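What follows is a short report on a single structure.
Computed from a prediction, not measured in an experiment: that's the story for all the values here.
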Amino acid sequence: MSRFKVMVTDYEYKDLLIEEEILNQFNIELIACQCHTEDDVIDACRNADAIINQYAPITKKVIQSLTNCKIIARYGIGVNTIDIDAATKSHIIISNVPDYCIDEVSNHAISLLLSLARKIPFYNQKVKNQKWDYKEGAPLFRLKNQTLGLVGFGRIPQLVAKKAKAFGLNILAYDPYVDETIAQERQVRLVDLNTLCRQSDFISLHAPLTNQTKDMIGEAEFSIMKKQSYLINTARGPLINESALIQAIKEKKIAGAALDVLSSEPISPDHPFLQLENVILTPHVAWYSEESEIDLRKKVAQSIMDVLHGYYPNYIVNRELYQKRFLKVK
């Protein structure tokens, strides 16, 4: 029996030993690439039985070029790199790992919130510049009884809400796909996006990136936010219209922002964010811990192994294919 061929379109890790340890024992060959463009992916993956993807584009054109592919597994939660509709039409399963970094991302969002609330990076830089004066950062406001607005209310923001309540924050959430009973169970009030923007002191983004959510926070939203409010993003950069955010901060329509993700990564050396002292930046690290990386890579490899041996994986994005039952259910 010939070996299955699995292509890795791109990856950031120092090696693929974790994946190889799982896949090689099941007659699966792992081939690593560093694709950047649509054509790179087509050239590398045309005859692959399965694909592991990080950031390289898996477009309709790519999918139509695939002759043997049964599954595309993504390193991560979001699947905005992949044309889901095209994959579904081609009966290619799309899998992700929705539960590998829930604790890490929720902790990072809370950490950014606290850093903004207490202006820790600002004070740190002032002290290093020999300015020892609490008034440099005035005004600061008591965190208790302020309002945190969560845009999206899936697994991660639900955990953010639980952790934020320990600091006495009131919680609002906007998510048109979440049932009211879930919010009530978690003592969170569901509101529309405009209400959330008007009433929140901190707004934390946790929505997936889709055609509907791209630029969902822009000039109109900034115009109704509180002047002392802060924006936090640990989800996807394009959820925010960055030009509108820069303008809003410069014009003091809002107090600042903390961003783990940007529309284009890595950040360019001349990006205006780098000149704004009330913007905190981290390098798309919210997901990361040693444990979460291992968990992610093992689960991606497991999904590949399951499908190539005739079983549905644990995580399926295009669940229409699950209903067709052309693979076995574990």
### Message
Distance check, rounded to the nearest 0.5 Å: S65 atom OG versus E38 atom CD?
### Response
8.5 Å

### Query
Around atom CD of E21, are there more than 12 heavy atoms of other residues, nucleotides or ligands at under 6.0 Å?
no

### Task
Please check if the side chain of T210 supplies one atom and the backbone of Q212 the other of a donor-acceptor pair under 3.5 Å.
yes

### Query
Counting heavy atoms not belonging to R325, are there more than 12 under 6.0 Å from its CZ?
yes

### Query
With no hydrogens and no angle check, is any side-chain donor or acceptor of S200 less than 3.5 Å from a backbone partner on C197?
no

### Query
If we ignore angles and hydrogens, is there a donor and acceptor under 3.5 Å between the side chains of N53 and T9?
yes

### Message
Please find the pair of heavy atoms, one from S90 and one from I63, that lie closest to each other, and give the distance.
### Response
OG-CG2, 3.6 Å

### Message
A quick test of your reading: do over 12 heavy atoms of other residues, nucleotides or ligands sit less than 6.0 Å from CD of E219?
### Response
no

### Query
For D179 and T181, does a side-chain donor sit closer than 3.5 Å to a side-chain acceptor?
yes

### Contact check, side chains of S95 and I71, non-hydrogen atoms, under 4.5 Å
yes

### Query
Is it true that atom NZ of K324 has more than 12 heavy atoms of other residues, nucleotides or ligands lying nearer than 6.0 Å?
no

### Task
For the pair N233 (side chain) and P238 (backbone), establish whether a donor and an acceptor sit closer than 3.5 Å, ignoring hydrogens and angles.
no

### Query
Any side-chain heavy atom of I254 within less than 4.5 Å of one from Y230?
no

### Query
So do Y123 and R118 actually touch side chain to side chain, heavy atoms under 4.5 Å?
no

### Message
Ignoring hydrogens, what is the shortest heavy-atom contact between L17 and D15? Give both atom names and the distance.
### Response
N-OD1, 3.2 Å

### Query
Do other residues, nucleotides or ligands put more than 12 heavy atoms under 6.0 Å from K298 NZ?
no

### Task
Considering only NZ, NE, NH1 and NH2 on the basic side and carboxylate oxygens on the acidic side, decide whether D133 and K131 come within less than 4.0 Å.
no

### Query
Parallel, tilted or perpendicular for H309 and F26, by the 30°/60° rule?
perpendicular

### Query
What are the two closest heavy atoms between P313 and V307, and how far apart are they?
CD-CG2, 3.5 Å

## Note on the structure
When rounded to the nearest 0.5 Å, the distance separating CD of Q302 from CG of L23 is 9.0 Å

### Task
Could you check Y322 against V329 for side-chain contact (heavy atoms from CB on, under 4.5 Å), going step by step and ending with a plain yes or no?
CA-CA 9 Å; Y322 186 80; V329 178; 3.4 Å; yes

#### Entry: Cluster overlap L193 with L190, hydrophobic side-chain contacts below 4.5 Å
no

### Query
Should the pair Y55 and H284 be assigned to parallel (<30°), tilted (30 to 60°) or perpendicular (>60°) ring geometry?
tilted

### Message
Taking the side chain as everything from C-beta on, heavy atoms only, tell me whether D201 gets closer than 4.5 Å to F141.
### Response
no

### Donor-acceptor pair, side chain of K250 and main chain of A248, under 3.5 angstrom
no

### Task
Would you indicate whether the side-chain heavy atoms of V6 and L308 approach each other to under 4.5 Å?
yes

### Task
Check K214, R236, R74 against N80 for a side chain to side chain donor-acceptor pair (under 3.5 Å) and give me the one that passes.
R236

### Query
Heavy-atom count around R319 CZ within 6.0 Å, excluding the residue itself: above 12?
yes

### Summary
Heavy atoms of G137 and F122 approach each other most closely as CA-CE2, 3.5 Å

### Task
Evaluate the side-chain proximity of L274 to L281: yes if any heavy-atom separation is below 4.5 Å, no if none is.
yes

### Task
Before accepting this row, confirm whether a basic side-chain N of the pair D306/K299 lies closer than 4.0 Å to the acidic partner's carboxylate O.
no

### Query
Can L231 be reached from F273 by stepping across I, L, V, M, F, W or Y side chains whose heavy atoms are under 4.5 Å apart?
yes

#### Entry: Atom pair CD1 (I72) and CE (M7), whose distance is rounded to the nearest 0.5 Å
13.0 Å

### Message
Main chain of D40, side chain of T37: is a donor-acceptor contact present, judged purely on distance under 3.5 Å?
### Response
yes

### Query
How far apart are the C-alpha atoms of K5 and N47, what are their side-chain angles, what is the distance that settles it, and do they pass the side chain to side chain donor-acceptor pair (under 3.5 Å) test?
CA-CA 8 Å; K5 182 168 74 172; N47 299 316; over 6 Å; no

### Message
Please report the interatomic distance CD1(I304) to CG(L30), rounded to the nearest 0.5 Å.
### Response
9.0 Å

### Query
Is there a side-chain contact (heavy atoms from CB on, under 4.5 Å) between L143 and L113 once you walk through the steps?
CA-CA 10 Å; L143 195 57; L113 187 156; 3.9 Å; yes

#### Entry: Side-chain ion pair, D83 and K89, N-O less than 4.0 Å
no

### Query
Does any non-hydrogen side-chain atom of L150 lie less than 4.5 Å from one of Q158?
no

#### Entry: Between S289 and E104, a side-chain donor and acceptor under 3.5 Å
yes

### Message
Please tell me whether F4 and L66 are part of a single hydrophobic cluster in this structure, the criterion being side-chain heavy atoms less than 4.5 Å apart.
### Response
no

### Query
Hey, is the main chain of P121 close enough, under 3.5 Å, to the side chain of Q125 for a donor-acceptor pair?
no

### Query
Checking N318 side chain against I84 main chain: does a donor-acceptor pair fall under 3.5 Å?
no

### Message
Grouping I, L, V, M, F, W and Y whenever their side-chain heavy atoms are under 4.5 Å apart, do I280 and L276 come out in a common cluster?
### Response
no

### Query
Looking only at atom types and distance, does a side-chain atom of N241 sit under 3.5 Å from a main-chain N or O of D215, one as donor and one as acceptor?
no

### Message
E19 vs Y11, test: side-chain contact (heavy atoms from CB on, under 4.5 Å). Steps then yes/no.
### Response
CA-CA 12 Å; E19 295 84 347; Y11 62 100; over 6 Å; no

## Note on the structure
Between C35 and D10 the two heavy atoms that sit nearest each other are O-CB, 3.8 Å

### Task
To the nearest 0.5 Å, tell me how far F202 CZ sits from I171 CD1.
11.0 Å

### Task
Please check if the side chain of N107 supplies one atom and the backbone of D103 the other of a donor-acceptor pair under 3.5 Å.
yes

#### Entry: Which atom of A109 lies closest to which atom of H206, heavy atoms considered
CB-CE1, 4.1 Å

### Spacing of CD belonging to Q247 relative to CD belonging to E242, to within rounding of 0.5 Å
14.0 Å

### Side-chain (Y312) to main-chain (L321) donor-acceptor, under 3.5 angstrom
yes

### Query
Under 4.5 Å between side-chain heavy atoms, hopping through other hydrophobics if needed: is there a path connecting I110 to L205?
no

### Message
How about CD on Q187, more than 12 heavy atoms from neighbouring residues, nucleotides or ligands closer than 6.0 Å, or not?
### Response
no

### Message
Atom CZ of residue position F326 - does it have more than 12 heavy atoms of other residues, nucleotides or ligands inside 6.0 Å?
### Response
yes

### Query
Charged N to carboxylate O below 4.0 Å: is that the case for D49 and R3?
no

### Task
Check the pair L259, I240 against side-chain contact (heavy atoms from CB on, under 4.5 Å), reporting the backbone distance first and the verdict last.
CA-CA 10 Å; L259 310 172; I240 301 171; 3.9 Å; yes

### Task
Could you tell me whether the side chain of Y315 reaches within less than 4.5 Å of the side chain of D99, counting heavy atoms only?
yes

